[in-house]
Amino acid sequence: MTRIVLDKVSKAFRSNKILSELSLELESGHLVALLGPSGSGKTTLLRSIAGLEALDSGAIRFDQRDVTHTAANARGVGFVFQHYALFEHMSVHENIAFGLRCKPRSARPAAAEIDARVRELLELVQLPELGSRRPDQLSGGQKQRIALARALAIKPEVLLLDEPFGALDARVRRDLRSWLRGLHDRVSATSLFVTHDQVEALEIADSIVVLREGRIEQIGAPAELYRAPASFFVFQFLGECNTFVLDGNSEHPRIRSLSASEMGQQPAGAAWLGCARPHDMQISTEGVKETGLSGVVSRVHAAGPTVRLELNVGSAKALLVDLSHAEFSAKMPRPGETWFARPRAMQTYAVG
Amino acid sequence: MAALAPIQPGLRAGPSVERPALRDPWWFRASLLGACALFLIAVLALPLAAVLVEAFRRGIGPAMKAWSDPDTKAAAWLTLRTAAWVVPLNAAFGIAAGYALGKFRFRGRTLLIALIDLPLSVSPVIAGMLFVLLFGAQGWFGPWLRDHGIKILFAPTGIVLATLFVTFPIVARELIAVMEARGRDQEEAALSLGAGAWTTFRRVTLPSARWALLHGIVLCNARAMGDFGAVSVVSGHIRGETNTLPLHIEVLYGEYQFQAAFAVAFLLILMAVVTIVLKHWFELRAASGAAEELA
């Protein structure tokens, strides 16, 4: 297994900085998620590790081996593409065998050995009967599993996946990601996958690297990240949130919602922003002046594990409140009624 | 009505489902189809029929005689020889251009693509004139060529050059489009699996564009055998030596040997028909190769 070290890597396309002096160490054998909005540099970072993109400066090391200037075909990295990139003119079997058949004669396994390895990989991805199919006879989920088998054929120490489930249906996506977790535990590779889906990252990764504009915003285990997002950006990115402006002194903060003109920019005069997840909100008919907000219920959505309320508090964005079904039945808020809401728990971030 | 469905070459058509909302009134469909049919009859079927009738008006004997004429044989031979030079050269060029321009982005790329299209937009006669200007007795390289005893104009070499010029965009355009559409994912996948540049090209890039390549080759061949304008300017019309089939037909016609002219024209049409059948077959393969393997 391989420990991946990135040392101050930078990359720009024309004057557009994609990665700026980014340093990162990935534990060997871990499954790591690269999470970030589009344009944050996560795909460029992944492609740089694979050698498909050349860095402007910085170094990449696999254990002690400096691969910064090693060609992509000599890095021994398995790469899985968002759109599968299967060889359309070859059968599934030939696709998986490709990496082995490309090896120099001295390192190439015998034909029978290659066949055996392909069958083994087909078993591993649970598609043993599809060897003779063509890629365009497969479903998206099957294609991606074959692409994974193809990448694993060369026994890579580093496995890179670029939004591997990005092109799949929500349901297939959910199945495949827990399957990927299981697969990763069985093959010994350090794996890094790019995603913009925080649920995916939180669910299967050993650790998550949150990227923003070519820099690392936070690194941590999923639970740690979810519990204590280091910045307002990470908090927002990891899930839905309600944002407040905190006025007044620290002992008696007054809470108010962002007005329409304050959306997307720094609220004037406020030093702190408060963030609370919808399930950390509570509602009551009686208001508390400083820490409560009143609003009109604009929508009740009860078809789910929790009941979602949208409260119109006069700001640009409605306040989101998740109640348990029990609490909902006890209080019975209805659209059009006025309710008070306040956060049960809240993270605060300094503005600026 | 399948006849009025939008035509999307290269894309696999789904099962032809009747879409009532998109269905035009019968009289509209009938008049469109009728107009098409009339037009095809007037400009295609009638002239072809005329060639057939004229070629065999007095039976197969005179036609056979026209075909076995030494000048006709020489013309047919020259036509085939020209195609045998031009098609491989332009296929090689087309592959190179398709790979470079279809898979890579660089400064001047658009200009290059425009240049490749140039032979399609200038009249073939002008293409021929260019070679006269370059290699003619009064041309740039004329004196030098004469001193070294090299004959380009009024010789098969000139004919090959002119045909090369006229047909050179055909394979290239086809491959640029296909390779651009495929993108570079498959190449990158091959690279990450350890394949070198040549292996990637030979086992991934080229095979995935094979039907487009064959299609381009067939079209290029058709044009190479049939070109008149450029070849006419550089050939010199030396009977039995520098006349290709199209030029030979023109000569025969000019000498009022109508029957022989049509008989030779029939030969050329026969070659075209073979080409069209091949082209159609390649298109089918390209569009539904996979579908048929499913069965």
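As the structure is a computational prediction, the values presented were derived from the model and not from experiment.
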Does a sphere of radius 6.0 Å around [atom1] in [X] hold more than 12 heavy atoms from other residues, nucleotides or ligands, not counting ones at 6.0 Å or beyond?
X	atom1	answer
A:Lys17	NZ	no
B:Trp85	CH2	no
A:Glu129	CD	yes
B:Arg173	CZ	no
B:Phe39	CZ	no
B:Arg105	CZ	yes

With only heavy atoms counted, which part of [X] is less than 4.5 Å from chain B, the side chain, the backbone, both or neither?
X	result
A:Phe79	both
A:Leu86	backbone
A:Ala153	neither
A:Arg150	both
A:Ala50	neither

Starting at CG of B:Leu193, measure out to CZ of A:Arg101 and round the result to the nearest 0.5 Å.
13.0 Å
Rounded to the nearest 0.5 angstrom, the CZ-CD distance for A:Phe81 and B:Gln186 is 10.0 Å
What part of B:Ser208 gets within 4.5 angstrom of chain A, counting heavy atoms only: side chain, backbone, both, or neither?
both
Counting only heavy atoms closer than 4.5 Å, note whether B:Arg203 contacts chain A via side chain, backbone, both or neither.
both
Any carboxylate oxygen within less than 4.0 angstrom of a Lys/Arg side-chain nitrogen, looking at A:Glu88 and B:Arg182?
no
Taking every non-hydrogen atom, the tightest pair across B:Ala189 and A:Ala85:
CB-O, 3.9 Å
Closest heavy-atom pair and its distance - B:Leu191, A:Leu52
CD2-CD2, 4.3 Å
Pair listing, ring pair (Phe, Tyr, Trp, His ring centres under 6.0 Å) test, anchored in residues 98-137 of chain A, at least two apart
A:Phe87-A:Phe98
Ring pair (Phe, Tyr, Trp, His ring centres under 6.0 Å) contacts touching residues 130-164 of chain A (sequence neighbours left out)
none
Among A:Cys102, A:Ala151, A:Ala147, single out the residue with the greatest number of heavy-atom pairs under 4.5 Å to chain B.
A:Cys102
Using modelled atom types only, decide if a donor and an acceptor are shared between the side chain of A:Asn73 and the backbone of B:Ser192 within a distance under 3.5 Å.
no
Strictly distance-based, threshold 3.5 Å: is any side-chain N or O of A:His89 a donor or acceptor partner for the main-chain N or O of B:Thr205?
no
